[in-house]
There are 4 protein chains.
Amino acid sequence: MSAQPRTARGTRTRARLLAAAEDVFASAGYHDASIVRITEQAGIGLGTFYLYFGGKQEIFDEVVDDLNARVRHAMTEAARAAEDRFDAEREGFRAFFRFTAQHPALYRIIRQAEFVSPGAQRRHYERIVRSYAHGLAAAQDAGEVRPLDPEIAAWALMGMGELIGMRYILWEAGGDGGTGGAPRDIPDHVLDELMALIQRGLAPDAPPSAATSREDVRHD
Amino acid sequence: MSAQPRTARGTRTRARLLAAAEDVFASAGYHDASIVRITEQAGIGLGTFYLYFGGKQEIFDEVVDDLNARVRHAMTEAARAAEDRFDAEREGFRAFFRFTAQHPALYRIIRQAEFVSPGAQRRHYERIVRSYAHGLAAAQDAGEVRPLDPEIAAWALMGMGELIGMRYILWEAGGDGGTGGAPRDIPDHVLDELMALIQRGLAPDAPPSAATSREDVRHD
Amino acid sequence: MSAQPRTARGTRTRARLLAAAEDVFASAGYHDASIVRITEQAGIGLGTFYLYFGGKQEIFDEVVDDLNARVRHAMTEAARAAEDRFDAEREGFRAFFRFTAQHPALYRIIRQAEFVSPGAQRRHYERIVRSYAHGLAAAQDAGEVRPLDPEIAAWALMGMGELIGMRYILWEAGGDGGTGGAPRDIPDHVLDELMALIQRGLAPDAPPSAATSREDVRHD
Amino acid sequence: MSAQPRTARGTRTRARLLAAAEDVFASAGYHDASIVRITEQAGIGLGTFYLYFGGKQEIFDEVVDDLNARVRHAMTEAARAAEDRFDAEREGFRAFFRFTAQHPALYRIIRQAEFVSPGAQRRHYERIVRSYAHGLAAAQDAGEVRPLDPEIAAWALMGMGELIGMRYILWEAGGDGGTGGAPRDIPDHVLDELMALIQRGLAPDAPPSAATSREDVRHD
DNA sequence: AATGAATGAGAGTTCATTCAT
DNA sequence: GATGAATGAACTCTCATTCAT
């Protein structure tokens with residue numbers, strides 16, 4: 001069972017373990033991330049680990065929750081500075097991609113959680129969706145978003161972000177899966193395309209003329 | 001090193017191993033999927049495994065490629081029967097969700113590939129994106145889709161499908177992460193919402209006349 | 001249980017197995033010499049092996065006995081051509097070294113026999129010693145060799161040959177233990193020194209003057 | 001990778017492993033000497049082994065080096081107490097045989113090293129030869145040994161010791177290859193014969209009369 | 001608070017041997 | 001006579017976890 005540190009020194013030790021664990025989980029994967037490796041990276045003794053965490057799975061969960069809180073914080077902060085809803089959405093995505101670039105651990109860890117800790121994984125996604133759906137609902141009330149089920153939309157949007165981030169941030173970074181190279185921002189044109197898709201979908205613009213419908217287009 | 005069987009009996013054995021591996025990888029995860037478990041499930045001797053596969057990772061890769069081929073086949077088949085592009089897209093997604101419901105292995109296995117076999121994972125996503133982007137490009141030429149970068153859009157669409165599938169197929173199924181329960185189709189309203197999003201995005205409909213806005217709709 | 005072949009084809013198969021086994025045992029060592037490898041090298045099917053040999057150990061023993069017969073044959077032949085006993089001994093050694101150069105398998109296999117088949121090892125050494133001791137005894141009777149225990153001397157001589165061969169034939173060949181390089185004869189000066197040692201031992205030549213003997217030295 | 005123990009307890013554990021390994025390698029042979037057996041004999045847990053040794057081969061090498069150091073120490077100590085060179089040689093051999101009797105591991109292990117660790121084997125022989133050759137060279141300078149190549153002679157002498165030891169110590173002991181029975185000293189008459197051979201070789205004593213030589217004998 | 005020696009279940013893998021074809 | 005698919009015991013090695021110091 002984990003224990004909260006009682007001294008300042010203990011607090012530092014615990015924090016170092018958490019940071020080391022994020023690193024090691026991200027670079028080696030849950031199963032190849034041995035406790036020895038984590039403690040070595042943290043620069044503390046092996047046995048000390050069990051003073052602060054109940055086991056491997058427990059520290060994993062905590063790392064997931066920590067990353068989740070941080071990415072949501074980054075997104076909210078970015079969105080708050082925005083002027084309108086569309087801008088907010090754009091900045092939220094940008095913040096998400098930036099966080100991904102700076103903390104590839106996020107992806108790599110979340111995906112592993114599938115088996116390691118399904119609960120933690122679910123928590124992660126649901127928390128993001130919740131705030132997303134909340135924003136959408138508000139926007140709907142404000143007439144900025146058309147009538148739709150905010151939760152379904154939120155899951156879809158998150159999915160877009162997830163795979164676009166994987167492809168254009170993680171894979172670009174290392175060229176081989178993201179294990180090397182410097183983090184980079186999302187290219188502008190990718191973000192532009194993504195936002196356009198989110199706003200308008202795939203459908204061609206309605207022609208200026210009155211009664212446009214898909215049937216008409218087809219005759220063309 | 002894997003070897004191709006030289007007899008009919010060998011071919012059967014190899015196939016049984018692959019099927020068992022898909023099962024075990026999906027239910028237990030790569031790391032807890034021991035060779036013993038796979039061979040037991042396949043009903044063959046432990047040593048026999050190494051007659052056909054070089055090791056765990058090798059059979060994993062083959063399972064991934066196999067699932068990938070099958071899901072793409074299912075999607076293409078479904079889309080081919082469609083009458084127009086919109087319908088094709090809808091049926092493609094439906095097929096994908098149905099496949100997900102019937103083979104939860106797909107998700108569970110792909111996500112693990114992150115560390116187990118990054119190459120296989122990448123191959124999987126890229127293959128799907130390729131045919132997706134191809135379809136979008138063709139639709140663009142036909143004027144059915146507005147001008148956009150087909151690859152970026154393909155990644156985004158795939159992401160939507162991925163998370164919607166996770167949430168409304170996998171999680172619903174078992175209620176706890178997908179380890180039990182009967183597979184079910186995607187609920188109609190979810191698919192409807194998704195398709196609407198893909199077609200039109202979030203933006204409110206452009207008012208036909210001057211002052212139309214959501215406020216009007218609401219009074220209804 | 002091994003079986004003698006009943007057909008000409010069978011005889012050839014058996015011989016090929018034996019030859020392959022000698023090769024593989026010599027290059028890989030008993031334990032890393034798998035039956036598969038032996039049969040592959042022999043170009044026959046795995047199961048066929050058990051038609052001719054009862055098992056790994058059985059073919060090993062046969063290889064040892066075969067090598068033993070051949071090295072003894074080579075030595076006897078060489079000695080027979082010699083003119084006197086000293087010459088015979090020299091030529092016997094030379095033949096032994098030449099055989100060693102051409103069949104490093106001899107050493108490598110005999111030494112492994114220590115555990116694999118102590119009986120075969122013992123047989124090998126004893127057979128060589130027997131003929132050696134026999135020759136020494138005869139030479140003694142002829143007054144060409146001073147009175148001594150022929151068996152003890154035979155073991156000692158064989159030991160000299162063994163380590164000289166190891167050092168100046170096997171190790172020279174590959175430079176690293178004998179796994180490569182072309183076989184070479186024993187250098188003349190090495191053989192000369194060895195023969196001198198066998199004939200005269202280490203002691204300095206008795207001084208030409210009359211009564212010198214080791215007794216004198218001792219008084220000192 | 002092996003590691004040096006950091007505590008007194010660790011040092012004791014490591015030593016116990018080394019001793020057990022010597023035992024097991026000697027009685028079972030390298031390949032049948034499983035780590036389990038070694039740790040069981042040492043009375044420690046299996047995993048503990050890997051705290052101190054990188055693997056089987058690594059502990060094997062260390063056992064070889066250890067035995068080598070000990071046998072050379074025994075020989076040098078014995079020789080040091082001797083009064084003259086001849087005596088020194090005799091006592092050196094006797095010490096070697098005694099060590100052999102007390103540590104049959106020496107032979108059994110060295111011979112296996114042929115494949116298991118050629119480097120260790122070579123090191124073993126070369127170290128012994130080096131000190132041997134050194135002693136011979138010194139004796140030569142003192143006029144106690146006739147002119148000869150000390151290295152070649154050293155290899156030959158070592159070979160004598162090796163096979164005499166095998167035959168009259170190891171094989172006598174158990175009667176069946178040395179796996180049982182009490183260790184015993186080399187019988188005096190064997191040592192006497194050996195020393196005589198080393199001193200004087202095989203040649204008959206020069207007859208007291210003047211011009212005797214082998215040429216004369218031949219005419220006979 | 002901190003340490004690292006010790007543990008053993010369990011993993012992947014090899015291979016001598018059997019036997020149906 | 002010849003084959004190779006099948007087997008499972010046995011091996012080496014890893015690592016989360018415990019505990020005496």
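When reading the values below, keep in mind they use all heavy atoms of this one structure, side chains included, and skip hydrogens, waters and symmetry mates. Chain letters run A, B, ... following the sequence lines, proteins first, then strands; residues in each count from 1.
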- Residue matched to dA1(E) through Watson-Crick or wobble contacts both under 3.5 angstrom: none
- Message: Is the phosphate of dA5(F) approached by Thr13(B) (side-chain N or O, under 4.0 Å from OP1 or OP2)?
- Response: no
- Message: Between Tyr52(D) and dA6(E), is there a contact of a side-chain N or O with OP1 or OP2 at under 4.0 Å?
- Response: yes
- Query: Any cation-pi pair here, Arg108(A) with Phe115(B), using under 6.0 Å and within 45°?
  - Reply: yes
- Message: Mind checking if Leu46(D) touches a base, just sugar-phosphate, or nothing, with heavy atoms under 4.0 Å?
- Response: base
- Message: Can you tell me how the ring of Tyr30(C) sits relative to the ring of Phe25(C), calling it parallel under 30°, perpendicular over 60° and tilted otherwise?
- Response: parallel
- Whom does dC15(E) pair with, Watson-Crick or G-U wobble, provided both distances fall under 3.5 Å? dG8(F)
- Let me know the distance between CD1 of Ile59(A) and C1' of dT17(F), rounded to the nearest Å. 15 Å
- Among dA16(F), dA6(F), dA5(E), find the nucleotide with the atom closest to the side chain of Leu51(D). dA5(E)
- Give the rounded distance in Å between these two atoms: CZ of Phe53(A) and C1' of dT17(F). 16 Å
- Message: For a 4.5 angstrom cut-off between non-hydrogen side-chain atoms, does Glu22(A) reach His103(A)?
- Response: yes
- Task: Could you state the atom-to-atom distance from CZ of Arg37(A) to P of dC15(F) in whole Å?
- Result: 9 Å
- So what does Ala33(A) hit on the nucleic acid, given a heavy-atom distance under 4.0 Å: a base, only sugar-phosphate, or nothing? sugar-phosphate
- Query: Does dT21(E) have OP1 or OP2 sitting under 4.0 Å from an N or O in the side chain of Arg9(B)?
  - Reply: no
- Task: Provide, to the nearest angstrom, the distance between the CD1 atom belonging to Ile38(D) and the P atom belonging to dT12(F).
- Result: 8 Å
- Hunt down the Watson-Crick or G-U wobble partner of dA9(E), both distances under 3.5 Å, from any strand shown, or write none. dT14(F)
- Query: Taking for each residue the nucleotide of DNA chain E bearing the nearest heavy atom, is the 5' side occupied by Gly47(C) or by Val36(C)?
  - Reply: Val36(C)
- Would you mind telling me which of dT12(F), dA11(E), dT17(F) lies closest to the side-chain atoms of Ile35(D)? dT12(F)
- Task: Apply the test side chain to side chain contact (heavy atoms under 4.5 Å, CB included) to residues Leu67(A) and His124(A): give CA-CA distance (whole Å), side-chain angles for both, the deciding distance (0.1 Å), then the verdict.
- Result: CA-CA 9 Å; Leu67(A) 278 169; His124(A) 166 75; over 6 Å; no
- Note on the structure: Ranking Gln57(B) and Phe49(A) by the position along DNA chain E of their nearest nucleotide, the one closer to 5' is Phe49(A)
- Tell me: CD1 of Ile44(C) to C1' of dA2(F), nearest whole Å? 9 Å
- Phosphate oxygens OP1/OP2 of dA5(F): is one of them under 4.0 Å from a side-chain N or O of Tyr50(B)? no
- Message: Using a 4.0 Å heavy-atom cut-off, does Thr48(D) contact any base of the nucleic acid, only the sugar-phosphate backbone, or nothing at all?
- Response: base
- Item | Value in whole Å for how far the P atom of dA9(F) lies from NE2 of His31(D) | 22 Å
- How many angstroms lie between CD in Glu62(D) and CG in Leu17(D), if you round to the nearest 0.5 Å? 10.5 Å
- Query: In whole angstrom, what separates Glu40(B)'s CD from dA11(E)'s C1'?
  - Reply: 14 Å
- Query: Is the backbone of Arg9(A) close enough, under 3.5 Å, to the side chain of Thr13(A) for a donor and an acceptor to pair up by distance?
  - Reply: yes
- Note on the structure: Arg12(D) CZ to dA6(E) C1', in whole Å, measures 12 Å
- Message: Counting only side-chain heavy atoms from C-beta out, which of dT12(F), dT18(E), dA11(E) sits nearest to Lys56(D)?
- Response: dT12(F)
